[in-house]
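Inspection log for the structure reproduced underneath, given as structure tokens.
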Amino acid sequence: MSSCVFCAIVDGTAPAVRVLEDDDVVAFLDIRPVARGHTLVVPRTHAARLEDLDPAAGAAMFRAGQRIARALARSELSTDGTNLVLNDGRAAFQTVFHAHLHVVPRWSGDRLRLGVGLLRRQSHDPESTAALIRDGLDRLTAEEHS
Ligand SMILES: [Zn+2]
């Protein structure tokens, strides 16, 4: 049994509102989002730090993060921008030691400051938020196939 909460989410023994998954990564809503739609992308294979992360898993994580960012812009959340953030190590505010990429939705004039935002987090109806992101992913897929 793993004591890593992200490994537990990956193997389905801990709950999470998933928005995307493939052979390499699982993406789910952050339970303490700094903004509505804040998503985490985690590699399926445990790696505590960047130091331990297979570069191919890192590439897969970035690819999924980019896809979610593009989906958010196409969703009804209608984002204007994105912060893709990876906090590596306690000195960089890493709190879960299973490397992960934050996809933080941004809107023009949202005044979000990531430092303060990390302290003041609130939930934004995860199920409806995930539905909007999935809808954005569907729109992105349709666009790619048209
Ligand atoms: Zn893990």
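Start at 1 with the first residue, then count along the sequence. Counting starts at 1 for both ligands and their atoms, following the listed order. Here the structure is a predicted model, which is why all the values come from computation and not from measurement.
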* Asked: Could you walk me through whether Val41 and His102 pass the side chain to side chain contact (heavy atoms under 4.5 Å, CB included) check?
  -> CA-CA 7 Å; Val41 183; His102 292 261; over 6 Å; no
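- Residue Phe97 shares its hydrophobic cluster (ILVMFWY side chains chained together at separations under 4.5 Å) with no other residue.
- Heavy atoms only, all atoms of each residue included: Ala35 and Pro105 are closest at CB-O, 3.9 Å.
- For the side chain to side chain donor-acceptor pair (under 3.5 Å) test, no residue two or more places apart in sequence or in another chain qualifies with Glu76.
- With the Zn ion (ligand 1) as the vertex, SG of Cys4 and SG of Cys7 span 120° to the nearest 10°.
- Distances from the Zn ion (ligand 1) to each N, O or S atom of His98 single out ND1 as the nearest.
- Restricting His46 to its N, O or S atoms, the one at the least distance from the Zn ion (ligand 1) is ND1.
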